[in-house]
2 protein chains.
Amino acid sequence: MPRTLTDPTADRAAAFATDAAADGLTVSLIGSCVATLTGRSQRDLAAGVRTLLWKPDDTVVVHGASGRDPDAWASGGPVTVDAADGLTVACDGGHTAGALRVRFDAVHTATAFDAAGADATTVSGTEAALKDRVLDTPDLVEPGFQPLATERDTPAGPIDIYGRDADGTVTAVELKNVRAGPAAASQLQRYVAALRRTLHADATVRGILVAPAVTAKTRRLLADRGLTFSPVSPPGSRDR
Amino acid sequence: MPRTLTDPTADRAAAFATDAAADGLTVSLIGSCVATLTGRSQRDLAAGVRTLLWKPDDTVVVHGASGRDPDAWASGGPVTVDAADGLTVACDGGHTAGALRVRFDAVHTATAFDAAGADATTVSGTEAALKDRVLDTPDLVEPGFQPLATERDTPAGPIDIYGRDADGTVTAVELKNVRAGPAAASQLQRYVAALRRTLHADATVRGILVAPAVTAKTRRLLADRGLTFSPVSPPGSRDR
DNA sequence: CGTGCCAGGTGCCTT
DNA sequence: AAGGCACTTGGCACG
């Protein structure tokens with residue numbers, strides 16, 4: 001059963017928020033506030049009307065006028081509420097993160113509610129689905145490609161798919177379900193180099209990057225290193 | 001001036017949200033909802049009480065019970081509201097992102113407010129500050145290091161700091177203001193290789209990764225490639 | 001708990 | 001618009 005306060009005093013809002021959090025509820029505060037983050041990087045939010053969410057896991061997010069990401073946030077520390085000079089919500093995020101302090105001049109709306117069930121999500125269409133598709137139809141990678149193992153371990157990390165090409169040459173396949181950048185090429189290169197060291201000194205090892213697309217620079221990087229790009233769209237994609 | 005509705009009908013809430021958005025206000029809806037994202041990756045949120053924020057830039061974020069990141073979001077498309085079967089907020093994020101549909105069984109609180117001023121932020125202590133510090137005191141990188149240029153362009157991308165070491169050897173410095181992982185080592189390696197190709201064939205080129213710390217595997221990667229790690233904490237850091 | 005790596009990454013800036 | 005890269009990246013899975 002959600003509770004709501006309109007234009008509460010700082011004292012009332014502080015008690016309201018503290019009680020709600022103690023009951024495991026999510027608290028939403030809408031009002032005019034300033035915020036500061038002190039730590040490795042300093043960040044200051046000028047006065048403005050924002051939404052603060054204090055979640056039951058003691059994550060605090062402060063959302064401003066635009067964008068998907070919060071303007072400021074903190075998690076990890078205990079959350080403290082103080083009504084000495086306006087309503088102040090504070091949370092220390094630890095050494096690397098820093099400490100967040102949000103001070104409200106005025107709280108327009110304070111709402112507390114039980115976010116029951118609000119954490120069950122089902123996801124599909126991720127890299128795992130792409131892997132399934134490739135394992136099901138290895139020819140998508142390259143005609144004659146034969147998968148032998150997934151997540152095969154090397155000193156440089158696990159190879160997404162390890163196998164042999166039509167000629168029997170050892171091949172490392174790296175999967176990306178998004179347009180691949182230089183980091184993907186470097187990653188594949190590390191795996192191939194590790195395989196060459198692991199296997200016999202004169203062993204030939206190929207590397208294939210499987211992704212819906214690559215950037216131009218990445219395509220050059222791959223070519224320079226004798227690596228191959230194979231375009232494969234993820235299962236649910238509209239551009240089959 | 002914020003407006004608030006408590007337990008509105010779907011019709012009332014829809015009109016309220018549409019009007020508010022037309023006025024450039026931010027809309028906050030708290031209530032029981034399900035959500036689906038259809039596109040390259042499929043995501044389904046089971047029934048639960050969540051907070052939906054519809055921002056003036058037509059970003060829609062849906063926050064659940066935990067975590068910094070929204071459970072679902074959309075931006076890019078126009079946002080549509082429909083009251084046919086409960087309150088449905090929808091936004092098509094385009095080809096790669098997919099389309100978001102959030103359907104509320106019940107809206108507990110609907111609030112609309114002008115998020116004026118809520119986008120002015122000041123940031124300091126980022127990588128730029130680390131660069132300033134290093135340029136001010138090059139010995140932090142290594143005794144005798146001399147910076148010659150920043151953002152020097154190579155075929156592999158811009159080098160953070162380009163200079164010479166105490167012996168006059170050409171040196172590429174890559175800055176990270178966080179603990180560095182394998183990607184940073186690869187990035188530095190690409191820059192060094194590009195410099196070797198650009199300069200005379202027999203030119204010696206060194207690479208130094210400057211960061212507060214590196215992971216163990218990254219340290220090995222650097223050593224294997226003859227690259228150097230130099231620990232430097234960012235200016236505001238507590239561990240000086 | 002550290003380390004590595006994916007992510008609908010997002011956001012910012014340059015060409 | 002596309003590419004490249006930092007980010008308090010967040011979050012997950014694994015040793």
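Only a predicted model underlies this, so the values are computations on that prediction, with no experimental measurement involved. Protein chains get the first letters and strands the later ones, always in sequence-line order, with residue 1 at the start of each.
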Worksheet item: CZ of B:R190 versus C1' of D:dC5: gap in Å, rounded?
Response: 10 Å
Discussion item. Please confirm whether the shortest side-chain N or O distance from B:T218 to OP1 or OP2 of C:dT3 is below 4.0 Å.
Written reply: no
Worksheet item: Quick one: A:L209 CG to C:dC5 C1', roughly how many Å, whole number?
Response: 15 Å
Worksheet item: Do the side-chain N or O atoms of B:R179 get closer than 4.0 angstrom to the phosphate oxygens (OP1, OP2) of C:dG2?
Response: no
Discussion item. Side-chain N or O of B:Q187 versus OP1/OP2 of D:dA6: is the shortest distance under 4.0 Å?
Written reply: yes
Fill in: P gap between C:dG8 and C:dG4, integer Å
22 Å
Discussion item. Rounding to an integer number of Å, can you tell me how far A:R220 CZ sits from D:dA2 C1'?
Written reply: 13 Å
Item to complete: Between A:P158 and B:A97, just flag the one whose closest nucleotide in DNA chain C comes earlier from the 5' side.
Response: A:P158
Worksheet item: Would you say the side chain of A:T51 lies within less than 4.5 Å of the side chain of A:L29, judging by non-hydrogen atoms?
Response: no
Discussion item. Categorize A:E174 for me: base, sugar-phosphate, or nothing, with a 4.0 angstrom heavy-atom threshold over every strand shown.
Written reply: sugar-phosphate
Worksheet item: Side-chain N or O of A:T215 less than 4.0 angstrom from OP1 or OP2 on D:dA2?
Response: no
Worksheet entry | Below 4.0 Å: OP1/OP2 of D:dA6 and any side-chain N or O of B:T126 | no
Fill in: Gap between atoms NZ and P, on A:K217 and D:dG4 respectively (whole Å)
5 Å
Discussion item. Return whichever of B:V123 or A:G181 has its heavy-atom-nearest nucleotide of DNA chain D closer to the 5' end.
Written reply: A:G181
Discussion item. Taking the basic N atoms (NZ, or NE/NH1/NH2) and the acidic carboxylate oxygens, is any pair closer than 4.0 Å for B:R190 and B:E174?
Written reply: no
Practice prompt. Using heavy atoms to find the nearest nucleotide of DNA chain C for A:G157 and B:A74 separately, return the residue whose nucleotide is more 5′.
Written response: A:G157
Worksheet item: Does the side chain of B:T122 pick up a donor-acceptor pair with the side chain of A:R43 at under 3.5 Å?
Response: no
Discussion item. From CZ of B:R219 over to C1' of C:dG2, roughly how many Å is that when rounded to an integer?
Written reply: 15 Å
Worksheet entry | Closest nucleotide among D:dT8, C:dG8, D:dA6 to the B:R43 side chain | C:dG8
Discussion item. I need the NZ-P distance between B:K131 and D:dC7, as an integer number of Å.
Written reply: 11 Å
Discussion item. With rounding to the closest Å, how many angstrom separate the P atoms on D:dT8 and D:dG4?
Written reply: 23 Å
Worksheet item: Taking the side chain from A:D114 and the backbone from A:G24, do they hold a donor-acceptor pair closer than 3.5 Å?
Response: no
Worksheet item: A:A156 near the nucleic acid: base, sugar-phosphate alone, or nothing, with a heavy-atom cut-off under 4.0 Å?
Response: sugar-phosphate
Practice prompt. Pick base, sugar-phosphate or nothing for A:A72, based on heavy-atom distances below 4.0 Å to the nucleic acid.
Written response: base
Discussion item. Nearest whole Å is fine: how far is C:dC12 P from B:E127 CD?
Written reply: 16 Å
Worksheet entry | Side-chain N,O (B:Y191) to OP1/OP2 (D:dG4) below 4.0 Å | no
Discussion item. Check this for me, if you would: do A:D71 and A:R50 make a salt bridge, where the nitrogen-to-carboxylate-oxygen distance has to be below 4.0 angstrom?
Written reply: yes
Worksheet item: With the threshold set at 4.0 Å, does a side-chain nitrogen-carboxylate oxygen contact exist between A:R152 and A:D160?
Response: no
Worksheet item: Sub-3.5 Å donor-acceptor pair from the side chain of A:T228 to the main-chain atoms of A:I208, do we have one?
Response: no
Worksheet item: Do other residues, nucleotides or ligands put more than 12 heavy atoms under 6.0 Å from the CD atom of A:Q146?
Response: no
Worksheet item: Once you round it to whole Å, what is the distance between C1' of D:dT8 and CZ of A:R101?
Response: 18 Å
Response to the item:
Going 5' to 3' through nucleotides 9-15 of chain D and flagging B where a protein heavy-atom sits under 4.0 Å of the base, S where only the sugar-phosphate is that close, and - otherwise, we get SSS----
Practice prompt. Mind checking A:L37 for me? I need base, sugar-phosphate or nothing, with any heavy atom below 4.0 Å counting as a touch.
Written response: base
Worksheet item: Do B:E127 and B:R133 meet the salt-bridge criterion of a basic N to acidic O distance under 4.0 Å?
Response: no
